[in-house]
Amino acid sequence: MNREYFEFVCPVKMVAGFRALEHIPFELDTRGSVRPMIVSDKGVVAAGLVDIVVKAITSEGGQVGPVFDDVPPDSSMDAVNAGAASYLESGCDAIIAVGGGSVMDTAKAMNIMATEGGGDPRRYAGYNNLKHRLKPYIAVPTTAGTGSEVTAISVIKDTDAGMKTFYFSQFLMPDVAVLDPRMTLKLPPMITAATAMDAMTHAVEAFTCLAKNPLSDAYAEAAIRRISEWLVPVLRKPDDARGRLELAQAAAMAGIAFSNSPVGLVHALAHTIGAMYGVHHGAANSIFLPYVLEFNLPASRADIGDLLFHLAGPEDFAGTPVERRAEAAIARIVEMKEAAHAICGLPRTLSETGKIPKEDLPKIAENSLDDGTVVMNPVDVTYEDALAVLERAWGD
Amino acid sequence: MSPNPNIIDTELSPAAGRGPSYAIQRVYAGFMMWLISRLLQAASAVDPVIKKDIDRLPEDFSFSMRVRSGSPALAMRKMGDDLRAVQPSALQRPALVFEFKHVAHAFLVMSFQESTPRAFANDRLAVDGDFACAMKIMRSLNRMQALVLPRFIAVRALKAYPPIGIVEKLGLAARIYGRLVIDLFKRDPS
Ligand SMILES: NC(=O)c1ccc[n+]([C@@H]2O[C@H](COP(=O)([O-])OP(=O)(O)OC[C@H]3O[C@@H](n4cnc5c(N)ncnc54)[C@H](O)[C@@H]3O)[C@@H](O)[C@H]2O)c1
Ligand SMILES: [Fe+2]
């Protein structure tokens, strides 16, 4: 009997491409909002991106509430509380997040508080602990990586509790995701490369981990194809609007893929070195991706081999014997890492991050096994396995 | 696939045709949950690998595994150094909950037709609570199953069968079952 089963959901309206921001007034109006609050961070405001969004709204006679720009990297509970208080005091009726994953995740958690009217945000943490819809939420990503604009997840650093608080609920998915190439044109090369490799990792892990299904596969493949084609050209020519849009679309598609087929060991290791040493999430994923794929070969050879088609194109795929496709696919990912390293210095190995003492590898291995994402990895991971991958990823 | 396309596969509709009824599935899953909690209690006292993970759980940690509608359920709490099976009703708000959406899904796992990671991947089973604790409990449950189940059944429940020698396995299994019997004759602490 066929025992296959899967679930797939993505109710987010995509508004993508040339002059996409100018659709925001319509999206607000049709959701009954007259006073949206804007959530962002200092870097994004300094890049002039919030101004562009505000002008697109006010030029049509719309109003904008306060701009909350106090979001730190990886978010914080304090920012969630302060932002929600500002929302409630100023009588706003919707949230627009303009920023990367840190901003979008913070705005999601703020929206819980804004809807519930305050209280302790930790009360709603965890899995499916929201029971009703939240206020209209429009996500305008300014990095092309996390996919937070289409996911049901928010992760908030909670310095008081010394941990990361995790929220998962379908109600956290934005109502609208606006992908406009103007938002990523000035993204610095290093962040462009790191966030694109985060998206690449989302797609590759969605395609190779246990919950893969026909729909998540379709999104993952489309994302991988775009990132393989456009990452290096965009790093060489950062103001290529077409390439920027392709990467933004790829990040959203990778987000749809991994929110329906969760990630595995690459993310477990990346979460751990992110928490222990503050290594950027995308840079960390980029380091581990090829080493983890090699580790997963016994279970995923066929799937990884299929990826060669999207990583290298039909000719290379057809020209490579079936039994060598998986290795060729991994080699292609290594090539992308080399190119990104040559152009903008994206670290290729753990030693190149300059942040990690080699004698900590055992501790990293141990902590990684406590990350929930290892459950979805196609190959069972023991402490010795994790340590072996870390040692390979160390480099020389 | 049925060999004869005219025969509808009744496993697809347990309520409508043959195959265990939901009532029987519930009784079976309830018995297995009872057994799992007792076996894990015994294994955590006997096996050094499991003990190490349980030691690293916070003081007063508790968890439950249940079907979303409420029953069947199992509950365990860390008391001192031990992990003990307790009455599910005795836990006000467990720190960690493993939840099956439907009794049929619990039955699939408890009858070794679907592995735990597969049940997670198929959105039949979910965790609410601290992931680091959840991973320690899951590792312990996996190891316990590898020890007490015959290998041909354990491989259906686990992603990978651990490299453990038959002598070591049988020795630990005997001690776990022995401990289980001793625990049963002690007064239930809940
Ligand atoms: N919710 C999810 O599904 C999900 C998935 C993956 C990661 N995340 C989270 O996302 C966070 C990382 O997000 P990120 O990688 O997008 O980085 P980020 O949001 O932390 O931004 C990194 C830096 O880039 C700057 N920046 C952003 N856009 C810019 C632009 N267009 N021009 C100039 N500077 C710009 C920001 O000011 C910031 O200093 C992590 O906290 C991670 O946990 C969430
Ligand atoms: Fe990620």
*Would the number of heavy atoms belonging to other residues, nucleotides or ligands and lying under 6.0 Å from CZ of Arg123(A) be above 12?*
no
*Side chain, backbone, both or neither: which part of Phe166(A) has an atom under 4.5 Å from a heavy atom of chain B?*
side chain
_Nearest-0.5 Å distance that lies between atom NZ in Lys159(B) and atom CG in Asn377(A)_ = 5.5 Å
_Among the listed options Asn213(A), Thr373(A), Asp380(A), the residue most often paired with chain B at heavy-atom distances under 4.5 Å_ = Asp380(A)
*Which answer fits Pro378(A), side chain, backbone, both or neither, if we ask what part of it has an atom under 4.5 Å from a heavy atom of chain B?*
backbone
*Can any side-chain N or O of Arg3(A) pair as donor or acceptor with the backbone N or O of Glu114(B) at less than 3.5 Å?*
no
*Decide, yes or no, whether a salt bridge links Asp370(A) with Arg139(B) under the criterion of side-chain N to carboxylate O below 4.0 Å.*
yes
*Counting N and O atoms only, with roles assigned by atom type, does the side chain of Asn122(B) sit under 3.5 Å from a partner on the main chain of Phe6(A), one being a donor and the other an acceptor?*
no
*Between Ala211(A) and Ala121(B), what is the shortest heavy-atom contact and its length?*
CB-O, 3.6 Å
_What part of Leu158(B) gets within 4.5 angstrom of chain A, counting heavy atoms only: side chain, backbone, both, or neither?_
neither
*Check the surroundings of atom CZ in Arg175(B): do more than 12 heavy atoms from other residues, nucleotides or ligands lie under 6.0 Å from it?*
no
_Are Met135(B) and Val374(A) packed together at the side-chain level, in the sense that at least one heavy-atom pair is separated by less than 4.5 angstrom?_
yes
*Against chain A, label Asp130(B) side chain, backbone, both or neither, depending on which of its atoms sit under 4.5 Å from a heavy atom there.*
side chain
*Which atoms of Val379(A) come close to chain B, meaning under 4.5 Å heavy atom to heavy atom: side chain ones, backbone ones, both, or neither?*
backbone
*Which bit of Asn367(A) comes within less than 4.5 Å of chain B, counting heavy atoms only: side chain, backbone, both or neither?*
neither
*Any donor-acceptor N or O pair under 3.5 Å, side chains Asp128(B), Asn128(A)*: no
*Can you tell me how far CZ of Phe131(B) sits from NE2 of His271(A), rounded to the nearest 0.5 angstrom?*
10.0 Å
_Is Val127(B) close to chain A through its backbone or its side chain, or both, or neither, when contacts mean heavy atoms under 4.5 Å?_
backbone
*If you tally heavy-atom pairs under 4.5 Å against chain A, which of Ala160(B), Cys133(B), Pro162(B) wins?*
Ala160(B)
*Below 4.5 Å, heavy atoms only, C-beta onward: do Arg124(B) and Tyr5(A) meet side chain to side chain?*
yes
